[in-house]
J.: 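Here's a structure for you.
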Amino acid sequence: MTAFTYEAVDTAGKRVRGELDALDSSALTRALEARGLLVLDVQHANATPPLRSIGFPLRTRREVLEVTRALASLLPAGMPLARALAAASNVASGGVRTALDSVRERVERGEALATAMAHHSDLFSPVYLGLVRAGEKSGDLSSAFEHLSVQLEREEQLRAKLLSASVYPLLLATLGGIAIVVLLLFVIPRFAALLEGTGAVLPRSTAIVLAVSTSIQALWPVVLLAGLLIVALAAWSRTTENGRRLITLAELRIPLVRRFLRDHLAGQFARLLGTLLKGGATVVTALNDTAAAVGNPVARDESVRVRDRVHEGSSLNGALAEGSLFPPLLAQLVAVGEQSSNLPMFLLKAADMFEQKTERTVQRLVTVLEPMMIVLFGGIVAIVALALLQAIYGINAGTFQ
């Protein structure tokens, strides 16, 4: 018996870790799955944990996509799995290539491909593993990799569109903020020294602007601390489960953001579930893998609730209709898919629809935000400039009297 550490997802959708003795990793995986756990990773107790992709996440994602495409091309040609893995590793580098070589070695020792890939959960998501597992069970592994390559490509395209739409507003906000800080902390104090040296009575607008600048200069430690707290809060909200859940619940209370977020989460849920079902997984197994793969904690909780209701005997559309996170349209499309016995197709159609709505909402937000930010920053600069010009004009006018 050998000691292994494992990471899995329980029926409530929570990640659990532990250590158990087993003959090998495959036996431990089967024992954990018999207890209703979805196994994500199994390691020897004394093994060094796999390195997470930190430096180049974009490059890592692209390499995983290229490896998946290579396997989708090589397996239908009749190439044995171990040889296909060895050939596919040539399109990768660094940690991805090392992980793929490790997977090949485990497969050559007799492990199932999904079990071997589960040792590298930092590269292969639960949905990836679920599709591979379903392909192995159905004997059609090549189709599983074809579905995966399409899925990963869609995710990459959507991520690129959202990123490109947000670049200009972020750049505008950064430059505008820097301009205002320079005005308040450097430009205005120099004018203040000149204006106060004249002994003239300053206009009210000028006095207000100078008071704001003086207050910010005096309270700069507080302003700096507030900025650091905002950065820390943003990091906490992105790196912790409770933080992501709290931010999501707050965003769901903002009308326009709520609409965008619901469409985005519904598209992600439908895409994952439809891809798994199309790959041959059962509804309950697909829901289990989807719940483990969804990154948003609120969406994960909803996915677990839907899975539990389906497991209790409810229809999928009925379970979705009982919740309030996903738009009602998703439940209606699922109902049509269940009635026509073509649920995977309708889920993927729903995913296309919600992803298109998400892109349109982002474009509308950007269209509204850009002029608002220009007006806001331009208005602040104009107010400061007019206040200073008014003071200078008043001083000059007093000189000629």
J.: Quick check: closest heavy atoms across Leu75 and Ala84, and the distance to 0.1 Å?
T.: CD2-CB, 3.9 Å
J.: State, yes or no, whether a side-chain contact exists between Ser315 and Glu338 at a heavy-atom distance under 4.5 Å.
T.: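 Yes, their side chains come closer than 4.5 Å.
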J.: Enumerate the ring pair (Phe, Tyr, Trp, His ring centres under 6.0 Å) contacts for residues 265-314, please, sequence neighbours excluded, ordered by first and then second residue.
T.: Phe269-Phe326
J.: What are the two closest non-hydrogen atoms of Ala270 and Ala350, and how far apart are they?
T.: CB-CB, 4.4 Å
J.: So does Arg109 have more than 12 non-hydrogen atoms from other groups sitting under 6.0 Å from CZ?
T.: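 Counting neighbours around CZ of Arg109, more than 12 heavy atoms of other residues, nucleotides or ligands fall under 6.0 Å, so yes.
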J.: Going from OG on Ser142 to CE on Met79, what distance comes out if it is rounded to the nearest 0.5 angstrom?
T.: 13.5 Å
J.: With rounding to the nearest 0.5 angstrom, report the CD to CG distance, Glu63 to Leu123.
T.: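 Atom-to-atom, Glu63:CD and Leu123:CG are 9.5 Å apart.
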J.: Rounded at 0.5 Å granularity, tell me how far CG in Asn296 sits from CD1 in Ile247.
T.: 11.0 Å
J.: I need the full list of ring pair (Phe, Tyr, Trp, His ring centres under 6.0 Å) pairs touching residues 333-356, with sequence neighbours left out, sorted by first then second residue.
T.: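 As it turns out, there is no ring pair (Phe, Tyr, Trp, His ring centres under 6.0 Å) pair with a partner in residues 333-356 once direct neighbours are skipped.
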J.: Between Leu376 and Met373, is there a side-chain heavy-atom distance shorter than 4.5 Å?
T.: no
J.: So which pairs with a foot in residues 310-324 pass salt bridge (Lys or Arg N to Asp or Glu O under 4.0 Å), sequence neighbours left out?
T.: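 Sorted result for residues 310-324: Arg305-Glu322, Arg309-Glu312, Arg309-Glu322.
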J.: If you compare all heavy atoms of Ala286 against all heavy atoms of Leu273, which two are closest, and at what distance to 0.1 Å?
T.: CB-CD1, 3.5 Å
J.: Could I get the full list of side chain to side chain donor-acceptor pair (under 3.5 Å) partners for Thr98, not counting sequence neighbours?
T.: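 Testing Thr98 for side chain to side chain donor-acceptor pair (under 3.5 Å), a comparison that skips the adjacent residues, returns none.
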J.: Of all the heavy-atom pairs spanning Pro344 and Lys278, show the shortest one and how long it is.
T.: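 Of all heavy-atom pairs spanning Pro344 and Lys278, the closest is CB-N, 3.9 Å.
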J.: Above 12 or not: heavy atoms from other molecules or residues under 6.0 Å from CE of Met345?
T.: yes
J.: Checking Val381 now: which residues fulfil side-chain contact (heavy atoms from CB on, under 4.5 Å) with it, not counting sequence neighbours?
T.: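 With sequence neighbours excluded, Val381 shows a side-chain contact (heavy atoms from CB on, under 4.5 Å) to Leu183, given in chain and number order.
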J.: With a 4.5 Å cut-off on side-chain heavy atoms, are Pro327 and Lys357 touching?
T.: no
J.: In terms of the angle between their ring planes, are His120 and Phe124 parallel, tilted or perpendicular, with boundaries placed at 30° and 60°?
T.: perpendicular
J.: Side-chain contact test, heavy atoms from C-beta onward, threshold under 4.5 Å: evaluate it for Leu252 versus Leu325 and give yes or no.
T.: yes
J.: Looking at Ser149 and Arg69, what are the two nearest heavy atoms and their distance?
T.: CB-CG, 4.1 Å
J.: Rounded to the nearest 0.5 Å, what separates atom CG in Leu113 from atom CG in Leu71?
T.: 8.0 Å
J.: If you round to the nearest 0.5 Å, how far is CG of Leu277 from OG1 of Thr290?
T.: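 Separation between the atoms: 7.5 Å.
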J.: For the residue pair Arg104 and Asp101, establish whether any side-chain heavy-atom pair is separated by less than 4.5 Å.
T.: yes
J.: What I'd like to find out is whether the side chain of Glu302 reaches to under 4.5 Å of the side chain of Leu265, using heavy atoms alone.
T.: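 Answer no - side chains too far apart.
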J.: Please report the shortest heavy-atom distance between Ala87 and Leu74, naming the atom on each side.
T.: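 That would be CB-CD1, 3.7 Å.
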J.: What pairs meet the side chain to side chain donor-acceptor pair (under 3.5 Å) rule with one or both residues in residues 342-356, with sequence neighbours excluded?
T.: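 Qualifying pairs, neighbours excluded: Arg154-Asp352, Arg271-Asp352, Arg271-Glu355.
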J.: Where the side chain of Glu251 meets the backbone of Leu261, is there a donor-acceptor pair that is under 3.5 Å apart?
T.: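 No.
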J.: Do Glu66 and Val96 make a side-chain contact, defined as non-hydrogen atoms from C-beta onward lying under 4.5 Å apart?
T.: no
J.: What's the separation between atom CG in Asp263 and atom CZ in Arg360, rounded to the nearest 0.5 Å?
T.: 9.0 Å
J.: Quick one, Val298 and Arg244 - any side-chain contact, counting heavy atoms below 4.5 Å?
T.: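 The answer is no, as the side chains (C-beta and beyond) never meet within the 4.5 Å cut-off.
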J.: Taking it one step at a time, do Glu146 and Val150 satisfy side-chain contact (heavy atoms from CB on, under 4.5 Å)?
T.: CA-CA 6 Å; Glu146 289 177 6; Val150 173; 5.8 Å; no
